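All of these numbers come straight from a predicted model, not from anything done at the bench.
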Amino acid sequence: QVQLVESGGGLVQPGGSLRLSCAASGIIFRIYRMGWYRQAPGSQQELVATITSGQSTNYADSVKGRFTISRDNAQSTVYLQMNSLKSEDTAVYYCNAAFGGGAEYWGKGTLVTVSS
């Protein structure tokens, strides 16, 4: 069993930065990939970034060069550093953890609002 708790969302002006955190607890040693997804109002959920236990990363084209995903040394927390934020980045951001065998866990989400 894994629990994910996101933090760091809020209101930021265009061009600003935020750092999201996702703290994982429980049986975390079987997690092979963690990531961030987002869903804007009226839109489908989309992948933002993922990172594997081997530190391989993947980013949506829309955030490449602006967002950076990382994990701490203990593999208990994943971060999303978001720079040069745009209004189009406004969404609820969800943390995800994937296990071998198909199991997935989700956080409840944290709202990021980019507005002047």
Side-chain angles (χ1 to χ4, degrees):
Q1 189 94 129
V2 171
Q3 296 181 37
L4 305 173
V5 180
E6 303 104 330
S7 62
L11 175 65
V12 65
Q13 293 186 350
S17 297
L18 283 175
R19 190 191 194 197
L20 305 183
S21 298
C22 175
S25 61
I27 306 173
I28 63 174
F29 62 89
R30 290 187 178 272
I31 298 173
Y32 77 91
R33 187 183 70 240
M34 296 187 71
W36 292 94
Y37 294 73
R38 68 186 182 186
Q39 187 168 19
S43 300
Q44 297 270 55
Q45 187 183 69
E46 65 175 346
L47 181 147
V48 178
T50 60
I51 186 167
T52 69
S53 59
Q55 302 296 318
S56 178
T57 58
N58 182 48
Y59 296 93
D61 288 341
S62 59
V63 307
K64 285 180 179 177
R66 300 189 296 120
F67 292 10
T68 303
I69 189 169
S70 62
R71 300 178 72 167
D72 67 5
N73 291 334
Q75 306 293 312
S76 62
T77 306
V78 64
Y79 305 95
L80 185 68
Q81 178 65 47
M82 305 186 294
N83 298 326
S84 302
L85 283 161
K86 307 173 181 179
S87 60
E88 303 93 278
D89 297 316
T90 296
V92 177
Y93 285 71
Y94 298 92
C95 182
N96 168 264
F99 284 64
E104 290 191 345
Y105 295 87
W106 294 86
K108 297 196 69 174
T110 185
L111 177 63
V112 172
T113 302
V114 185
S115 177
S116 59

### Message
To the nearest 0.5 Å, what is the distance between CG on Leu18 and CG on Asn83?
### Response
9.5 Å

### Query
What distance do Met34 atom CE and Cys22 atom SG have between them, rounded to the nearest 0.5 Å?
4.0 Å

### Query
For Val112 and Arg38, what are the C-alpha separation, side-chain angles and deciding distance, and is it a side chain to side chain contact (heavy atoms under 4.5 Å, CB included)?
CA-CA 9 Å; Val112 172; Arg38 68 186 182 186; over 6 Å; no

### Query
To the nearest 0.5 Å, what is the distance between CG (Asp72) and OG1 (Thr77)?
4.5 Å

### Task
May I ask you to decide if the ring planes of Trp106 and Tyr94 are parallel, tilted or perpendicular, using 30° and 60° as cut-offs?
perpendicular

### Ser87 side chain to Ser115 backbone, donor-acceptor under 3.5 Å
no

### Message
Working to the nearest 0.5 angstrom, can you tell me the gap between Asn96 CG and Leu4 CG?
### Response
7.5 Å

### Query
What do you reckon, is CD of Gln39 surrounded by more than 12 foreign heavy atoms closer than 6.0 Å?
yes

### Query
Counting heavy atoms not belonging to Gln55, are there more than 12 under 6.0 Å from its CD?
yes

### Message
Please tell me whether Leu20 and Val48 are part of a single hydrophobic cluster in this structure, the criterion being side-chain heavy atoms less than 4.5 Å apart.
### Response
yes

### Query
Do any N or O atoms from the side chain of Glu104 and from the backbone of Ala98 form a donor-acceptor pair under 3.5 angstrom?
no

### Query
Roughly how far, to the nearest 0.5 Å, is OG of Ser84 from NZ of Lys86?
8.0 Å

### Query
Any donor and acceptor pair, going by atom type alone, linking the side chain of Tyr59 with main-chain N or O of Arg66 inside 3.5 Å?
no

### Message
side chain to side chain contact (heavy atoms under 4.5 Å, CB included), that's the test. Do Glu6 and Tyr93 meet it? Break it down for me.
### Response
CA-CA 9 Å; Glu6 303 104 330; Tyr93 285 71; over 6 Å; no

### Message
For the CG atom of Leu11 and the OG atom of Ser116, what is their distance to the nearest 0.5 Å?
### Response
9.5 Å

### Query
Going through the distances and angles, do Asp61 and Lys64 end up as a salt bridge (charged side-chain N to carboxylate O under 4.0 Å, His left out)?
CA-CA 5 Å; Asp61 288 341; Lys64 285 180 179 177; 3.2 Å; yes

### Message
Testing the basics here: between Ile27 and Val2, what is the closest heavy-atom pair and its distance to 0.1 Å?
### Response
O-CG2, 3.2 Å

